[in-house]
Amino acid sequence: MIISLEIKDFKSYKGIHNISLFKEFSCVIGPNGSGKSNILDAIIFVLGQKASAIRGSRLSELVYFGAADKTNTYVKLNFLHQISGKIYPIMRKIVNTESHYYLDDRLLSYKQFATELAELGINIASKNFFILQGDVESIAMQNPKQIADHIEKVS
Amino acid sequence: MIISLEIKDFKSYKGIHNISLFKEFSCVIGPNGSGKSNILDAIIFVLGQKASAIRGSRLSELVYFGAADKTNTYVKLNFLHQISGKIYPIMRKIVNTESHYYLDDRLLSYKQFATELAELGINIASKNFFILQGDVESIAMQNPKQIADHIEKVS
Amino acid sequence: RKSLFMKAFKKISKNLTSIYSELTRELEPPFHRGSAHLALEDNVTPFNAGVKFTVIPPNKRFQEMDQLSGGEKSVAALAFLFSLQGFKSTPFLILDEIDAAFDSVNVLKLVRYVKHKANRNLQFIVISLKELFYVHSDSLIGICRERDSTSASFSLDLQQFTESKEAEQLLVQ
Amino acid sequence: RKSLFMKAFKKISKNLTSIYSELTRELEPPFHRGSAHLALEDNVTPFNAGVKFTVIPPNKRFQEMDQLSGGEKSVAALAFLFSLQGFKSTPFLILDEIDAAFDSVNVLKLVRYVKHKANRNLQFIVISLKELFYVHSDSLIGICRERDSTSASFSLDLQQFTESKEAEQLLVQ
Ligand SMILES: Nc1ncnc2c1ncn2[C@@H]1O[C@H](COP(=O)(O)OP(=O)(O)OP(=O)(O)O)[C@@H](O)[C@H]1O
Ligand SMILES: Nc1ncnc2c1ncn2[C@@H]1O[C@H](COP(=O)(O)OP(=O)(O)OP(=O)(O)O)[C@@H](O)[C@H]1O
Ligand SMILES: [Mg+2]
Ligand SMILES: [Mg+2]
């Protein structure tokens, strides 16, 4: 379960933002263009998705425009692992043009990061933990070959 | 201005339905799947659009499933021509596998129908009088070449 | 072919700039507006290349379309579709759930736009699931399903009721 | 490759049938349900051909997907996406405006579905513009724009308030 998020200079989030009070069923609400989907983007970003999976962005486009220091963007997700009852801080920082991944404050390679998250029950490769805005409408328009591809991707 | 519609055995409209009280600004409301978009389909149908433009249908699919008589489907639109103040009944009937067009109760060829409607200010070829469900979402996803095509179609 | 395209392009481009500005104008002072722009990618054979569509919502800085929010893209797309319609005049417009992605502020901006444009020479028939939108219309056509799953319709004249204070205020601005 | 595909296909197909049935079950007696089906177009090399997705909403007769209404297609598409997610378990699901095309009845069916599924081992974080949906959540994260157009967030614990009678009734059924 996601407990809280800490976002710094990521997309429309200027400076440091602590977003807490996530529960078993939480809703993110607010006007068009306020930054709700950017929260989802922050979560999929820290969980290792490519920048291009975020509305076709480049890593540099994920940094808040007006960031004083263009190399200090990060997203930190505090994850409560139900089985152990322990809370794991999961972090991804943008350092110049690359990403640094941290679990429990240890700097890891992407491979190690993915493996350790899998041990916590989070499968970042399967991309099955999110539905992006517009995905539902687009499935509704797809043909049988595309539906088959979705099944293949998951398997 | 559209004054009223008379629909018989068209899509989810079983038997004869008189839909009136259209004003300068009218809204069609109701639950999912109730038949709202089918009203728009009825209007673009009577105004000469191909069946394939209606969710990729064939003419036979536009006939109400359970129609007792499969060859009596029609849509009649009463149009108030502002300049003359006269009300014109515009009708399209499905007779076996073809469409018969009527204006003022005169049977016309498609060409004559389109021409006479144009004289009343209704340009059925330019397709610019309707926005189908999902069109807005799909424009939002298009690339520059597709945008150019829209402009070309209109010109 | 090129001159037809350029004639349409110029008119549509002009429509778009004014429609988007009107559709995005804030509901309260200082009434900031957004701006929209169509640019030809190839001036020589325009219909062979693309047309670049860019918008800047009120108070925001320039970004490519794909970086905008869902609602912002939707408003832009609607403005573009309206600008195509303005090219050849039509006595009525039938719109199906164009407000699906809109928040309440954008719904009210759309109400303001439609109320200003609708008249005897341009009738609006709009399918909408949003009460915040359809309460402002002159009449409602209600559709429901019968037990046998076929459609039934009912019409209601809303002009027999007085308009609320908020609705009047919306139009004055 | 084929056995991987078939293993996934069978599980997803099973999920889909049960999820769609649950998601479309009526809110009042006699609680009719819809049915959904995935069929392989080519049994020999399944991943090369397509998978045919068909649904029948409650009380309706069979029709191809493209003949369904916008809301009906949306419910079907959502059921399909949920069935993909069920294939590999995950501790949380983050959903962005999945209810855009839903009327109030479908929104309530979605609330019922999420409330039944959400627990410590499957957390739901849902972005929604619909009050009818988000009033039923355990907490709200509110996002708004500052004057300089950057985002600000606020959180509100809804569990400190008592649930309405209607909400309780929704879940019991
Ligand atoms: N790098 C960045 N710096 C500053 N602002 C950004 C950056 N990237 C995106 N934005 C802004 O974030 C906004 C989009 O936010 P988001 O997509 O989260 O909105 P939303 O709340 O989901 O809205 P909707 O309800 O319309 O979907 C855009 O207006 C965009 O200008
Ligand atoms: N030929 C037909 N005979 C009987 N019913 C039909 C026929 N064609 C379509 N339908 C029914 O009409 C319904 C679709 O109606 P429509 O698309 O108008 O719904 P809607 O009110 O626009 O809903 P939404 O809000 O979900 O878009 C479908 O459920 C379909 O089964
Ligand atoms: Mg969004
Ligand atoms: Mg519809």
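Computed from a predicted model, the values in this text were never measured in an experiment. Here is the naming used below: chain letters follow the sequence lines, and residue numbers restart at 1 for every chain.
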Count the heavy atoms belonging to other residues, nucleotides or ligands that lie under 6.0 Å from [atom1] of [X], then report whether that count exceeds 12.
X	atom1	result
C:K2	NZ	yes
C:E41	CD	yes
B:K145	NZ	yes
B:K93	NZ	no
B:K86	NZ	yes

Which of the residues [options] is involved in the greatest number of heavy-atom pairs with chain C at under 4.5 angstrom?
options	answer
B:A140, B:C27, B:G121, B:P31	B:C27
B:M141, B:Q82, B:Q146, B:H150	B:Q82
B:D149, B:D135, B:I122	B:I122
B:G35, B:G66, B:S138	B:G35
B:H17, B:H81, B:K36, B:K153	B:K36

### Message
Evaluate C:S139 against B:S26 for side-chain contact (heavy atoms from CB on, under 4.5 Å), listing each step before the verdict.
### Response
CA-CA 5 Å; C:S139 72; B:S26 292; 2.7 Å; yes
If you measure from [atom1] on [X] to [atom2] on [Y], what distance do you get to the nearest 0.5 Å?
X	Y	atom1	atom2	value
B:L21	C:S153	CG	OG	10.0 Å
C:F53	B:I151	CZ	CD1	10.0 Å
C:I127	B:I29	CD1	CD1	11.5 Å
B:F65	C:D148	CZ	CG	11.5 Å
C:S74	B:I139	OG	CD1	11.0 Å
C:N121	B:I83	CG	CD1	8.0 Å

Taking [options] one by one, which has the highest count of heavy-atom pairs under 4.5 Å against chain B?
options	value
C:A49, C:A76, C:A39	C:A49
C:R145, C:R120, C:K52	C:R120
C:N119, C:L38, C:L95, C:L158	C:N119
C:L4, C:I125, C:D66	C:I125
C:V126, C:L40, C:L78, C:V75	C:V126

[X] versus chain C, the contacting section by heavy-atom distance below 4.5 Å:
X	result
B:L132	backbone
B:N18	backbone
B:E137	side chain
B:I44	neither

### Query
Quick one: does B:N128's side chain have a donor or acceptor within less than 3.5 Å of a partner on C:K88's backbone?
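Flag set: sc B:N128 to bb C:K88 pair under 3.5 Å.
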### Message
Taking B:F129's backbone N and O only, do any of them form a donor-acceptor pair with C:T90's side chain (distance below 3.5 Å, no angle check)?
### Response
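No; zero donor-acceptor contacts below 3.5 Å.
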### Task
Evaluate the ring pair (Phe, Tyr, Trp, His ring centres under 6.0 Å) criterion for residues C:F133 and B:F25: first the C-alpha distance (whole Å), next the side-chain angles of each, then the deciding distance (0.1 Å), finally the verdict.
CA-CA 11 Å; C:F133 181 82; B:F25 172 21; 5.7 Å; yes
Check each atom of [X] against the heavy atoms of chain B and say whether the ones under 4.5 Å are side chain, backbone, both or neither.
X	value
C:I12	side chain
C:S89	backbone
C:Q159	side chain
C:F80	side chain

### Task
Give the intermediate values and the outcome of side-chain contact (heavy atoms from CB on, under 4.5 Å) for residues B:F130 and C:Q85.
CA-CA 9 Å; B:F130 57 93; C:Q85 289 167 337; 5.9 Å; no
### Pair C:I143-B:Y13, side-chain contact (heavy atoms from CB on, under 4.5 Å): steps then yes or no
CA-CA 10 Å; C:I143 309 293; B:Y13 290 84; 3.4 Å; yes
Classify the side-chain pair [X]/[Y] by whether it contains a donor and acceptor separated by less than 3.5 Å.
X	Y	answer
C:E97	B:Q133	yes
C:D96	B:S37	yes
C:T150	B:S12	no

### Side chains of C:F92 and B:L47 in contact at under 4.5 Å (non-hydrogen atoms)
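Result yes, sub-4.5 Å side-chain heavy-atom pair found.
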### Task
Answer yes or no: is there an ion pair linking B:K23 with C:D157, defined by an N-O contact shorter than 4.0 Å?
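The answer is yes: the pair qualifies as a salt bridge.
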### Task
Give the minimum heavy-atom separation between B:G30 and C:L129, together with the two atoms involved.
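Result for this residue pair: O-CD2, 3.5 Å.
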### Which atom of C:P91 lies closest to which atom of B:M1, heavy atoms considered
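Minimum heavy-atom contact is CB-N, 4.4 Å.
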### Task
Could you please spell out the steps behind the side-chain contact (heavy atoms from CB on, under 4.5 Å) verdict for B:F22 and C:Q123?
CA-CA 9 Å; B:F22 286 103; C:Q123 172 187 36; 3.6 Å; yes
### Task
Only one of C:L81, C:I94, C:L93 passes side chain to side chain contact (heavy atoms under 4.5 Å, CB included) with B:I131; say which it is.
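With B:I131 as partner, side chain to side chain contact (heavy atoms under 4.5 Å, CB included) holds for just one option, C:L81.
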